[in-house]
Amino acid sequence: MEFFCYHRDRPGSLALREELGEAHWAYMDRFEAELIARGPTFAADGETPTGSVHIVDLPDPAAARAFAFDEPTYQAGAYRDVLLRRWRNLLGRTMWDFPGGRTGGHRFLVLGLGDGPPADLDVPPCRDELIAYGPLLSDDGAVWLGTAALLRAPDAETARALLTGERYADIEVHDWEFGGRR
């Protein structure tokens, strides 16, 4: 089962995140084979971290909750909240398989929080610009709760246009970059 996990930073937690950097990396190293995508999000300045995205394939919702809430930076209080949802990998690949590679161009996380009937269940025509794409679902996979995408786009407005705006209660767009040890 695939899960989307977004830890959002608590304001003023940058020093704590930096202090726990190696503990975070060591924890994530344990899930290397299960990770579909990972990486930090940033404020508009492109430098200040605002969160951490992990898309991971785990056996069940209990394992996903353990993954999200046992993470050392979360345990230390650096994050203000965690969005954890079942997810479906409509591209059938990992971020490491993205044809555009790790660098070049602007990268974004687009989160559409669902409101009403499911939307954007098919892969958009810009497949070669998508790093990860799929619906956010309830734990049992039966209820559509939104859509999450990682993509390369020229700007945030273009990234936001990936989703059918009127079908969502809210759409968030965050600067994002490939994560993992360098």
Side-chain angles (χ1 to χ4, degrees), residues 2-14 17-18 28 35-56 68 73 78-138 143-180 182:
E2 299 150 334
F3 294 88
F4 175 89
C5 180
Y6 183 36
H7 290 91
R8 297 172 196 263
D9 286 11
R10 181 179 306 285
S13 68
L14 180 57
R17 273 192 81 178
E18 289 173 347
M28 290 302 156
L35 285 165
I36 296 166
R38 67 187 290 186
T41 58
F42 296 92
D45 65 11
E47 295 181 18
T48 306
T50 59
S52 189
V53 173
H54 295 90
I55 302 175
V56 61
T73 314
Y79 299 123
R80 70 175 168 99
D81 62 49
V82 178
L83 174 65
L84 179 63
R85 295 285 183 254
R86 186 129 168 233
W87 187 75
R88 187 171 304 124
N89 185 355
L90 295 183
L91 298 177
R93 65 181 186 220
T94 71
M95 72 179 202
W96 297 276
D97 300 321
F98 172 59
R102 289 183 64 99
T103 60
H106 295 99
R107 313 297 170 102
F108 297 93
L109 162 65
V110 179
L111 274 177
L113 305 175
D115 185 25
D120 300 316
L121 295 177
D122 295 321
V123 175
C126 62
R127 181 183 185 94
D128 287 346
E129 298 301 317
L130 297 172
I131 300 161
Y133 184 87
L136 299 169
L137 305 164
S138 59
V143 178
W144 176 84
L145 301 171
T147 305
L150 299 171
L151 74 149
R152 179 174 59 187
D155 53 51
E157 187 175 315
T158 302
R160 179 182 303 277
L162 177 72
L163 301 182
T164 310
E166 65 275 4
R167 300 296 297 279
Y168 296 88
D170 189 27
I171 296 177
E172 301 175 14
V173 178
H174 305 270
D175 286 351
W176 175 84
E177 69 179 34
F178 273 58
R182 304 230 188 289

Inset, instruction - Give the minimum heavy-atom separation between Asp175 and Ala43, together with the two atoms involved. - result: OD2-O, 3.8 Å
Legend entry - Beyond-backbone contact of Pro40 with Glu177, side-chain heavy atoms, under 4.5 angstrom: yes
Inset, instruction - Check whether any side-chain heavy atom of Arg85 sits under 4.5 Å from a side-chain heavy atom of Pro135, and report yes or no. - result: no
Inset, instruction - Using the side-chain contact (heavy atoms from CB on, under 4.5 Å) rule, take Phe108 and Leu150 through it: C-alpha gap first, then chi angles, then the decisive distance, then the call. - result: CA-CA 6 Å; Phe108 297 93; Leu150 299 171; over 6 Å; no
Inset, instruction - Nearest 0.5 Å please: distance from the CZ atom of Arg102 over to the CZ atom of Arg107. - result: 9.5 Å
Inset, instruction - Would you give the length of the straight line joining atom CZ of Phe4 to atom CZ of Arg86, rounded to the nearest 0.5 angstrom? - result: 16.0 Å
Inset, instruction - With side-chain contact (heavy atoms from CB on, under 4.5 Å) as the test, would you mind laying out the steps for Asp120 and Tyr168 before giving the verdict? - result: CA-CA 10 Å; Asp120 300 316; Tyr168 296 88; 2.6 Å; yes
Inset, instruction - Could you grab the distance from atom CG of Asp122 to atom CG of Leu90, nearest 0.5 Å is fine? - result: 8.0 Å
Inset, instruction - Please say whether more than 12 non-hydrogen atoms of neighbouring residues, nucleotides or ligands are located less than 6.0 Å from CZ in Arg160. - result: yes
Legend entry - Contacts of type ring pair (Phe, Tyr, Trp, His ring centres under 6.0 Å), residue His7, not counting sequence neighbours: Tyr79
Legend entry - Ile171 vs Val110 side-chain heavy atoms within contact, under 4.5 Å: yes
Legend entry - Closest contact, heavy atoms only, Arg8 versus Asp81: CD-OD1, 2.8 Å
Inset, instruction - Please lay out, stage by stage, how Leu35 and His54 fare under the test side-chain contact (heavy atoms from CB on, under 4.5 Å). - result: CA-CA 7 Å; Leu35 285 165; His54 295 90; 4.2 Å; yes
Inset, instruction - Decide yes or no for Ile55 and Phe3: does some side-chain heavy atom of the first lie under 4.5 Å from some side-chain heavy atom of the second? - result: no
Legend entry - CZ on Arg88 to CG on Leu137, rounded to 0.5 Å: 5.0 Å
Legend entry - For Leu136 against Trp87, the heavy-atom pair lying closest together: CD2-CD1, 3.9 Å
Legend entry - Single hit among Val173, Val53, Thr50, Ile131 for side chain to side chain contact (heavy atoms under 4.5 Å, CB included) with Leu109: Val53
Legend entry - Rounded distance [0.5 Å steps], CZ in Arg152 versus SG in Cys126: 10.5 Å
Legend entry - Nearest non-hydrogen partners of Ser13 and Ala78, listed with the distance: OG-O, 3.0 Å
Inset, instruction - Identify the heavy atoms of Tyr133 and Ala149 that sit nearest to each other, and give their distance. - result: CD1-CB, 3.6 Å
Legend entry - Donor-acceptor pair, side chain of Arg93 and main chain of Phe98, under 3.5 angstrom: no
Inset, instruction - Determine whether Thr147 and Leu162 make a side-chain contact, defined as any pair of heavy atoms from C-beta on separated by less than 4.5 Å. - result: no
Inset, instruction - Determine the minimum heavy-atom distance between Met95 and Phe178, stating which atoms define it. - result: O-CE2, 3.3 Å
Legend entry - Distance, nearest 0.5 Å, that separates CG of Asp9 from OG1 of Thr41: 6.5 Å
